[in-house]
Enquirer: 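Quick one: the structure is below, and I'll ask about it shortly.
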Amino acid sequence: MDIRVIGRKITVTEPLEDYAIEKIGNSLKVFDIDFTSAEVVLKHEKGRFNPCICEVTLRAKGHTIHVEERDDDMYAAIDMAAAKTLRQLRKFKTRVIEFRQRETPELIQPTGASLDELMAELSADDEVVRVKEIDFEPLTLEQALIQIDLLGHDFFVFTDRDSNEVNVLYRRKDGGYGLLKPPVEE
């Protein structure tokens, strides 16, 4: 598989690119998983405690694995990202293999405040600092559970394959997951 190395606010030298391809490639070789794309983004941020950032994004059919690590040294950030990628791939392989054998975790569907009440709580100085466009692929609840773990996010927005409705799966602070979905109209 071809691994694409991109630099943002940093010039990617040939030794740095070769090192990133070797380290991330070795992590991918351990597991026999066909990824459609692999991308390594190397960044440098000024004025940060750990300015060197290595982001790895792997896309397989219906799944995305994203890892981000930062350090003072770019080579160390790549090493940490490769190790974390290996852990995520192990989790991915385990979850996909055991997908049909395990039961769905108990989901809690919260009844919350209305949208107007939530909007009233926002202060005037709140602003949107990032907008991200995503494609909603129809997924089952089990596939969404796998995705939220692979991405490492606290929430995951998806279109339910059965109902064709947009749902939000989130990780609860007390453990388990919650599911936000539109009410069933009768």
Enquirer: Can you check whether Leu58 reaches Ser37 side chain to side chain, under 4.5 Å on heavy atoms?
Expert: no

Enquirer: So, taking the atom named OG1 in Thr159 and the one named CZ in Arg161, what distance separates them when rounded to the nearest 0.5 Å?
Expert: 12.0 Å

Enquirer: Check ring pair (Phe, Tyr, Trp, His ring centres under 6.0 Å) between Phe158 and all other residues, then give those that pass, not counting sequence neighbours.
Expert: none

Enquirer: Give a yes or no on whether the backbone of Asn50 and the side-chain of Arg70 come within a donor-acceptor separation of less than 3.5 Å.
Expert: yes

Enquirer: Are any side-chain N or O atoms of Glu69 and backbone N or O atoms of Ala77, one a donor and one an acceptor, separated by less than 3.5 Å?
Expert: no

Enquirer: For atom CZ of Arg90, is the number of surrounding heavy atoms from other residues, nucleotides or ligands below 6.0 Å larger than 12?
Expert: yes

Enquirer: Quick check: do Leu151 and Thr64 have side-chain heavy atoms less than 4.5 Å from each other?
Expert: yes

Enquirer: State yes or no: do Ile3 and Met80 share one hydrophobic cluster built from I, L, V, M, F, W and Y residues joined by side-chain heavy-atom distances below 4.5 Å, directly or via other members?
Expert: no

Enquirer: Under a 4.5 Å side-chain heavy-atom rule over Ile, Leu, Val, Met, Phe, Trp and Tyr, are Ile6 and Ile53 clustered together?
Expert: no

Enquirer: What distance separates Asp79 CG from Ser27 OG, expressed to the nearest 0.5 Å?
Expert: 9.5 Å

Enquirer: Please say yes or no: joined through hydrophobic side-chain contacts below 4.5 Å, possibly via intermediate residues, are Ile21 and Val56 part of one cluster?
Expert: yes

Enquirer: Shared ILVMFWY cluster between Leu89 and Leu150, side chains joined below 4.5 angstrom?
Expert: yes

Enquirer: Does one hydrophobic cluster hold both Val5 and Val41, with members joined at side-chain heavy-atom distances below 4.5 Å?
Expert: no

Enquirer: Hey, are Lys181 and Glu165 close enough for a salt bridge, meaning a charged N less than 4.0 Å from a carboxylate O?
Expert: no

Enquirer: As an exercise, state the distance from NZ of Lys43 to CD1 of Ile10, rounded to the nearest 0.5 Å.
Expert: 12.0 Å

Enquirer: Measuring only between side-chain heavy atoms, which start at C-beta, is Glu55 closer than 4.5 Å to His66?
Expert: yes

Enquirer: For the backbone of Glu39 and the side chain of Thr57, can you confirm whether one donor and one acceptor N or O come within less than 3.5 Å of each other?
Expert: no

